[in-house]
Visitor: 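This is the structure I have questions about; it appears just below.
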2 protein chains.
Amino acid sequence: MATRSKVTIADVAQAAGVSTATAGRVLGSYGYAAKSTRDQVTAVARKLGYRPNGLARSLITGETRTIGVVAGDIRTQFYASILRGISDVADEHGFGLLITNSDERLDHEMRALDLLMEKQVDGLIVSPCDTRKARHLHRISETQLPIVLIDRAVEGLAVDQVTALNAEGAEAAVGELIRAGHTRIGVVAELLEPEPGGIERFIEDAHAGLVRTAKSMYPSWQRLLGYINAHRAAGLAIDSSLIRPAGSYSSEAAHREARDLLSHAERPSALFTTDGTMSEGVMRAIAEAGLVIPRDVSLVGFDDLDWMAFTPPGISAISQPRYAMGAAAARMLLDRVAGSTAPTSGLTMTPEFIKRGSIARR
Amino acid sequence: MATRSKVTIADVAQAAGVSTATAGRVLGSYGYAAKSTRDQVTAVARKLGYRPNGLARSLITGETRTIGVVAGDIRTQFYASILRGISDVADEHGFGLLITNSDERLDHEMRALDLLMEKQVDGLIVSPCDTRKARHLHRISETQLPIVLIDRAVEGLAVDQVTALNAEGAEAAVGELIRAGHTRIGVVAELLEPEPGGIERFIEDAHAGLVRTAKSMYPSWQRLLGYINAHRAAGLAIDSSLIRPAGSYSSEAAHREARDLLSHAERPSALFTTDGTMSEGVMRAIAEAGLVIPRDVSLVGFDDLDWMAFTPPGISAISQPRYAMGAAAARMLLDRVAGSTAPTSGLTMTPEFIKRGSIARR
DNA sequence: CTGAAAGCGCTTACAG
DNA sequence: CTGAAAGCGCTTACAG
C-alpha cells in the first residue's frame, strides 16, 4: 500500500484552532457553526486538501448511500440499458452503484450478494437467476434490507418488483405473424428453468388454456405462453418441433437451434425470438444460411435492440422500456431506503410492438 | 431507516464466551485461534446470522477492496465490454466495482470522481473526457491513489494506461477501401476536442506528414490521422468536405452528417466511421436513404460491434479488443493496489481488420 | 454557538 | 493461544 497522506477532520480542526466536533459540523454540514468559524474551517480544509472519509461517516450513520445491483451480464443491451436507468436515478440522489454479474448462475448470484452485503449497501436491485430457489433472497429480505427485483419475480418473496408484460407482448408479436398469414412459426427461447411437468406438458396445458401467467414464471416461459396463446386465439395447432429451447442465455445455443430449424425440409416461414440474445443468434443463422428477411423468412424479436432499426429491412420487435424499468426500480428502492413502509408493489411495464420490414405476407 | 438487526462481533464473542479479539480473529481469519474456539465461534456466528461489516474493517485496514470506474456511457457496447473485462478481473480478486458515467462531460467526471474518492476506492480506472484539462486527475494522482487510464491518455499525467493503436488501425481500414479502388471516402468522426490550429490546419499538416500520433491525442483525431495517412501513402489528395466532425458522441449527430454526405450530387463511394456510435448513426442514414451496402456505398467502421457480423452483407470493421483492454486495465490497477512500484507503463493493443462484405470494388 | 466524551464495528499491537 | 486496550475517522448526544 502506498502511503496516502490522509488529512482528517482532526488535522483540519487543529490547524483551524477548533475542536473536531466543530470542524466536523462545518465539514459535514450538520449542526450549527458561526459564519466566521465556518469560513475559517472551510479555508483550512481546502488548503490542506481535506477529503471526507465516507467509511467513517457510514459506520456511524448506518447508511452508505450505495446501492448494489446483480445483473445477468452487463454486456447485453438489456442489462446495460437497465443499469443506465438505475445509474441516472442513483446519481440524482447522490448514490453510488456497486455492479455485479451473475451470468445467470445461482452460486455467482450468492457470491455477489455476499460481497454487496459486506460492503453495507443501502439496498439491492437484483435480477434473480432462479425464481424458485431463492432462500438467500428471503434471508436478506428478512434483515429488512430493501430489495427490488427486476425482470423476474420470485415465488413467495414479498418485495417490490419491476417486470414487463411478457405473455401479452409475445402474444401481440406472434399475432402479427399469424395475421400476416404465417402458420408455421418457429420459436427460439431460453426456457432454462423447466416448468413442472416438462415442456410438452406445458405446451399442451397452455394450448388448452389451462396455464395462467404467474409473475414468478421465467420470462422466456411467459413469452412462450404468449406464443401459444396467439395460436390458440387464431385456432392454430402447435407443432412442438418448432419450439426450440436454447437451454441457456447464449446466442451460440440460439444460433444452433435456429440453424437446425432453418435446415429442415419444411422449415418455418417465420421465427419468433424471446429476447435480444436469442435474436442475435438467430440473425447469425439466417445470414449464414444465405436467407433473406423477409423474403425467405419473417422475423419478430422480443426486446428492441439498436441494430434492429437500421439492419435492412428493419426487424420488427416488441420493445420493452429497459431504461425506464431500471429507473423505476431505482426509484422504488430509494423510496424504501428513505423509509417508505408502503405495501409491497409490482410495477408491470407494457411493451410496444414496433413494426418494421421483417414480416412478409403469405 | 428500517431497524436492521445487526449482529456484531461483540455479540458473537459474548454468546461464544470469548473476547471480541478472539472472535474477530476467527471470523476475520487473521491471527491464531485454537481449533475448538474456532469451531465454537463459527457455530455461534452462523446461528446468530453474523455478517461482517466491511466498513469497519476498511476503516482500519485502509483498503476497501473496491475499485472505481468512470466510463463515458455504460450503455454502449464499447464501455459495456470494457466494464465486463474489468468486472471479471475484479471478481477473481474479490474486489467490488463502483461504476459511474461521465457522458463525456468534465463536470460529471469530476463529480463522479469525488463520489468514488469519498467511498475510499482502492484505485480508479478512468476514461478521461478531456485529455488536456485534467488538473483533478493530477491532484488525485498526487495523493498516490492508483489510477489507470483507458482508451485515452492525458498529456503529462504519468499513470498506467491502456489504449488501442488507433491511427494504425484506421490507416489499415481506409487502406482497404483505397485498395478496392475508392478515392472519395467520407469520414464521420467525433472530433470534439479541437486540435490546436483547427481541423483545416490539422488536415494540411497531417497530409504533409507533419503530425505525429500522440497518445494524448483524442482517439477520433488519431483515427482521422490514420485516414489521412492512408491517403498520403496512396498518393491521394484529401477533400476536406468529406471529413465530417459530429462534434459529440452521439449517433444522432453522426446520422445528420452522414445524411448530408450521402445526399450530395457527388457523394462519396465509401464511408469510414471512427467508432461504434458513429457507425450506428451512419447505418441509420444509409438505411433511410434506401442505399444498399456495398452496391451504393461501401463502409468500414472502427470497433467491431455485434450486429456487424450478421447484418447483411456483413460490415467490415477494425476490431479493438475491448474486453481484453478492460481486463488488462484492471490487472494493471490491482498490481498497483498490491503495492507495485514498477515504472508507469502504457499498454497499446493492436486492433485487427475483420473483412466482411461491406466493401465493393470500384 | 462550541467542546469533551463516547461510540460505530471492527483490527492491531502488546501482554500474558 | 487468548484478552484488555487503543484506535481507524468520523457523528452524536450532552453540557456549557
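A note on names: the letters A, B, ... follow the listed sequences, proteins ahead of strands, and every chain is numbered from 1.
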Visitor: How does each nucleotide of nucleotides 3-9 of chain C score, in 5' to 3' order, for protein heavy atoms under 4.0 Å: base (B), sugar-phosphate only (S), or none (-)?
Guide: BB--BBB

Visitor: Is B/Thr37 near enough to D/dT2 that one of its side-chain N or O atoms lies under 4.0 angstrom from OP1 or OP2?
Guide: yes

Visitor: Separation of B/Tyr30 atom OH from C/dA13 atom C1', in whole Å?
Guide: 12 Å

Visitor: In whole angstrom, what separates A/Tyr32's OH from D/dA13's P?
Guide: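 Value for this atom pair: 14 Å.
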
Visitor: Any side-chain donor paired with an acceptor under 3.5 Å for A/Thr66 and B/Lys119?
Guide: yes

Visitor: Counting only heavy atoms not in B/Tyr32 (residues, nucleotides, ligands), do more than 12 fall under 6.0 Å from its OH?
Guide: no

Visitor: Taking CD from A/Gln120 and C1' from C/dC10, how many angstroms apart are they, rounded to a whole number?
Guide: 11 Å

Visitor: Select from A/Gly54 and B/Lys35 the residue whose nearest nucleotide in DNA chain D is closer to the 5' end of that strand.
Guide: B/Lys35

Visitor: Strictly distance-based, threshold 3.5 Å: is any side-chain N or O of B/Asn101 a donor or acceptor partner for the main-chain N or O of B/Ile74?
Guide: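 Yes, because the side chain of B/Asn101 sits within donor-acceptor range (under 3.5 Å) of the backbone of B/Ile74.
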
Visitor: Calculate the interatomic distance between B/Met117 atom CE and D/dC10 atom P; express it in whole Å.
Guide: 13 Å

Visitor: Verify, without hydrogens or angle tests, whether A/Ser87 (side chain) and A/Leu83 (backbone) share a donor-acceptor contact under 3.5 angstrom.
Guide: no

Visitor: Test side-chain contact (heavy atoms from CB on, under 4.5 Å) on A/Val337 and A/Phe95; report intermediate values, then the result.
Guide: CA-CA 11 Å; A/Val337 170; A/Phe95 276 66; 4.1 Å; yes

Visitor: How is the base pairing of DNA chain C summarised as a dot-bracket string, given the Watson-Crick and G-U wobble criteria with both distances under 3.5 Å, [ ] for crossing and | for another strand?
Guide: |||.||||||||.|||

Visitor: Going by the side chain to side chain donor-acceptor pair (under 3.5 Å) test, which pairs reach into residues 106-115 of chain B, not counting sequence neighbours?
Guide: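 Listed by first then second residue: A/Arg51-B/Asp114, A/Asp91-B/Arg111, B/Arg105-B/Asp107, B/Glu109-B/His136.
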
Visitor: Would a distance-only check, ignoring hydrogens and angles, find a side-chain to backbone donor-acceptor pair under 3.5 Å from B/Thr131 to B/Ala153?
Guide: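 Checked: no pair found.
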
Visitor: Between A/Asp151 (side chain only) and A/Ser127 (backbone N and O only), is there a donor and an acceptor less than 3.5 Å apart?
Guide: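 Flag not set: sc A/Asp151 to bb A/Ser127 has no pair under 3.5 Å.
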
Visitor: Between A/Arg38 (CZ) and C/dT2 (P), how many Å, whole number?
Guide: 9 Å

